[in-house]
Protein chains: 2
Amino acid sequence: MQQKSGLGRPSFTDIDLKLLRIFAEIVRCNGFSAAQISLGMSQATISQQMRHLEERLGLRLCERGRAGFYLTEQGRQVHGAMLDLFGAIESFGTAIGDVRGELTGRLNFGTVDAMVTNRALGLDRAIGAFHQSAPKVSLDIDIAPPQALAQGLLTRRYEVALLPVRDALPGLDSRRAFSERQFLYCGQKHPLFGRPDGGITDADLARQAFAGRTYMPDERICGIDFQWSAQTAHMEGTLTLLLSGAFIGFLPDHFAAIPAREGQLRAIAPERLYFDDIFHIAFSPGRRNRTALLLADLIARECDMAGA
Amino acid sequence: MQQKSGLGRPSFTDIDLKLLRIFAEIVRCNGFSAAQISLGMSQATISQQMRHLEERLGLRLCERGRAGFYLTEQGRQVHGAMLDLFGAIESFGTAIGDVRGELTGRLNFGTVDAMVTNRALGLDRAIGAFHQSAPKVSLDIDIAPPQALAQGLLTRRYEVALLPVRDALPGLDSRRAFSERQFLYCGQKHPLFGRPDGGITDADLARQAFAGRTYMPDERICGIDFQWSAQTAHMEGTLTLLLSGAFIGFLPDHFAAIPAREGQLRAIAPERLYFDDIFHIAFSPGRRNRTALLLADLIARECDMAGA
DNA sequence: TATTCACTTCAGGTATTTCTAATGTAATGC
DNA sequence: GCATTACATTAGAAATACCTGAAGTGAATA
């Protein structure tokens with residue numbers, strides 16, 4: 001459609017969003033006829049619309065007929081680009097809802113693992129409160145290592161994330177949430193398990209196989225140059241390694257508490273061998289919307305309450 | 001969400017993209033009447049359409065009348081979200097063009113400064129060839145420090161960037177382009193300018209005020225623990241500092257060549273004081289489209305030709 | 001007070017979209 | 001060959017969108 005003035009050539013999608021939606025539904029249903037009911041229109045209309053869309057794009061999107069329905073390679077690519085576009089439209093809708101003071105849409109939240117057992121945090125309570133305040137928001141929680149979280153914030157995978165912060169986060173807007181103390185543990189089968197703290201020197205520790213987390217700094221921890229022999233991205237991975245009896249490694253106290261109480265794990269010299277991870281709530285750049293702020297506030301409130 | 005059939009409540013933008021475009025143009029023209037010509041419709045129509053949009057969104061977007069035209073706070077926010085949406089639509093259009101084998105749309109390219117003087121690169125030739133191959137693509141070149149480039153790739157500010165890489169780029173898809181050797185220089189008025197290389201020790205250098213670039217590693221360079229007294233993000237900044245005679249600092253040879261030939265700058269012990277920056281062409285995750293690849297190929301070709 | 005400016009509202013026509021019903025075509029299975 | 005399935009094409013009706021000219025409002029200005 002060429003238009004005589006003003007807005008310039010209507011970039012494809014102007015009029016054709018509806019056509020794209022129809023196409024999406026056809027793909028989902030895998031055929032024209034099958035999409036009739038869910039689209040609420042006759043098969044003839046669907047056929048027309050598809051032709052219309054294909055003419056506009058100048059591409060054959062799918063093969064159909066008695067032989068079966070399938071996307072062409074081009075159709076597959078268009079379908080992918082389309083889903084991105086729909087995502088952007090949903091974001092716009094969410095932004096509008098936000099301006100109107102409504103809390104709607106989707107919120108992508110990322111956190112590291114082993115946050116459930118952290119009683120000093122009460123993430124479960126924060127999330128409960130969030131759902132109560134914003135029942136229309138669909139909350140998507142993802143668990144990932146810290147670097148993946150930081151990167152996901154930049155790439156807009158998450159709107160908010162809770163993650164330990166070592167250096168300042170470049171280009172990210174964040175606030176301090178709480179800190180978590182990690183102690184050095186060994187498993188029941190480990191040679192050091194029975195030895196009293198007093199009989200363990202730094203040199204002894206430097207000789208043990210050490211299980212680190214991938215996102216830990218490579219430098220020495222608590223003045224000890226540990227011998228990195230295994231690494232995992234998850235607390236659970238570290239715990240498994242420790243329980244094997246072959247390694248020593250750091251775990252947050254709340255996470256180690258249960259196996260420690262049962263005598264499967266033991267903290268080594270906890271009065272001197274520990275470090276603190278400072279957790280921040282960080283926002284994706286330019287996406288600090290009301291919904292994200294609400295979740296952040298609720299998490300922060302839980303931290304404060306637990307800390308008091 | 002009640003839905004009588006398939007597609008559900010038409011999420012705002014479905015029908016209203018045209019309205020949003022009209023709104024954008026009104027904002028650009030700063031008033032209804034002023035937008036008449038560029039929109040190619042009567043003012044009455046514009047007024048109706050605006051009302052329509054405001055009703056749909058349930059928001060007052062702007063104040064107008066004899067008193068003047070201005071956006072409400074909500075209008076401002078909607079306008080911002082709208083521009084994001086338009087960006088996504090443009091990307092979709094580009095993706096479609098890509099599928100059709102056309103090279104259209106916009107390509108955002110980022111690079112560090114002082115790339116023009118780099119004869120080993122021939123960026124100008126690569127860009128000329130690019131424009132010849134893809135005349136319909138509007139090329140947007142931005143100059144920024146390496147970290148900003150890396151971040152801009154992640155945040156989708158750029159599709160492609162040319163930047164020096166120290167550590168691997170996390171989550172970025174990149175290929176090696178060329179390397180650039182940087183030598184240590186001082187200005188004509190600097191105390192070391194007249195002293196022969198043989199008479200300059202590492203200890204001497206460590207005592208001088210050093211002008212670094214913000215993205216350089218903090219560690220020692222060429223075994224010398226320089227005394228960081230100034231830093232800039234740009235080559236030009238470093239050059240200015242060096243010409244002042246108060247600092248020593250590193251510059252790529254091609255960039256220092258002209259002032260060096262005119263006796264304003266002098267390389268200090270170039271046979272041992274240098275380091276190499278390895279430049280990569282990096283792509284924004286998931287946006288490695290035909291257009292971006294073309295530019296990258298052309299740049300790589302220029303590098304190879306110059307290197308051979 | 002009268003005028004102008006910037007927008008609003010309304011009535012009514014034109015154009016476009018959208019749908020349905022009817023019919024056509026091509027591949028498949030018996 | 002015949003029925004069936006899945007889609008294409010067409011024509012025409014109904015609904016909707018779109019636009020304009022004319023008349024109206026209210027604030028600023030002379």
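Here the structure is a predicted model, which is why all the values come from computation and not from measurement. Residue numbering restarts at 1 for every chain, and letters A, B, ... go by the order of the sequence lines.
The side-chain heavy atoms of B:Phe130 and B:Thr291, taken from C-beta on, include a pair separated by under 4.5 Å. Looking only at side-chain heavy atoms (C-beta outward), B:Ile96 and B:Glu102 stay at 4.5 Å or farther from each other. When side chains are defined from C-beta on, A:Ile299 counts as touching A:Phe109, because their heavy atoms get closer than 4.5 Å. Counting heavy atoms from C-beta on, the side chains of B:Leu17 and B:Leu85 come closer than 4.5 Å.
Remark: P of C:dT17 and CE of A:Met41 are 15 Å apart, rounded to the nearest angstrom. Distance, B:Glu63 CD to C:dC7 P: 12 Å, rounded to whole Å. To the nearest angstrom, C1' of C:dC7 lies 16 Å from CD1 of B:Ile22. As a whole-Å value, the separation of A:Leu53 CG from C:dT17 P is 14 Å. For the pair A:Leu61 CG and D:dA8 P, the computed distance is 12 Å after rounding to whole Å. For the pair A:His52 NE2 and D:dA8 P, the interatomic distance rounds to 15 Å; values are reported in whole Å. D:dC18 atom C1' lies 17 Å from atom CG of B:Leu17, rounded to whole Å. Summarising the geometry, the separation between CD on A:Gln49 and P on D:dC7 is reported as 15 Å, rounded to the nearest angstrom.
One finds no side-chain N or O of B:Lys18 lying less than 4.0 angstrom from the OP1 or OP2 phosphate oxygen of D:dA17. An OP1 or OP2 oxygen of D:dC7 is reached within less than 4.0 angstrom by no side-chain nitrogen or oxygen of A:Gln36. Distances shown here put every side-chain N or O of B:Ser42 at or beyond 4.0 Å from the OP1 or OP2 atom of D:dG21.
Less than 4.0 Å separates DNA chain C from no heavy atom of any residue of residues 71-78 of chain A.
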Decide yes or no on salt bridge (charged side-chain N to carboxylate O under 4.0 Å, His left out) for B:Glu90 and B:Arg106, but give the supporting numbers first. CA-CA 8 Å; B:Glu90 194 181 314; B:Arg106 175 183 300 275; 3.6 Å; yes
Candidate pair B:Asp173 and B:Arg287, rule salt bridge (charged side-chain N to carboxylate O under 4.0 Å, His left out), full reasoning: CA-CA 10 Å; B:Asp173 185 11; B:Arg287 304 180 81 194; over 6 Å; no
Please produce a list of atom pairs where a protein N or O lies less than 3.5 Å from an N or O of nucleotides 8-12 of chain C.
unit_1, atom_1, unit_2, atom_2, d
C:dT8, OP1, B:Arg64, NE, 2.7
C:dT8, OP1, B:Arg64, NH2, 2.9
C:dT8, OP2, B:Ser47, OG, 2.4
C:dT8, O5', B:Ser47, OG, 3.4
C:dT9, OP2, B:Arg51, NE, 3.4

Listed pairs, N/O of protein and of nucleotides 1-5 of chain C, under 3.5 Å:
none

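Residues that satisfy the side chain to side chain donor-acceptor pair (under 3.5 Å) test with A:Gln43, not counting sequence neighbours, are absent from this structure.
Applying the salt bridge (Lys or Arg N to Asp or Glu O under 4.0 Å) test to every pair with at least one member in residues 39-54 of chain B, sequence neighbours left out, gives these pairs: B:Arg51-B:Glu55, B:Glu54-B:Arg60, B:Glu54-B:Arg64.
Counting only distance, with no hydrogens or angles, the side chain of B:Gln74 and the backbone of B:Leu61 share no donor-acceptor pair below 3.5 Å.
A:Thr45 and A:Ser42 form a side-chain donor-acceptor contact under 3.5 Å, judged by distance and modelled atom types alone.
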Under 3.5 Å, side-chain donor or acceptor atoms of residues 147-156 of chain B against the rest of the protein: list the pairs with distances, not counting sequence neighbours.
unit_1, atom_1, unit_2, atom_2, d
B:Thr155, OG1, B:Gln151, O, 3.1
B:Thr155, OG1, B:Gly152, O, 3.4

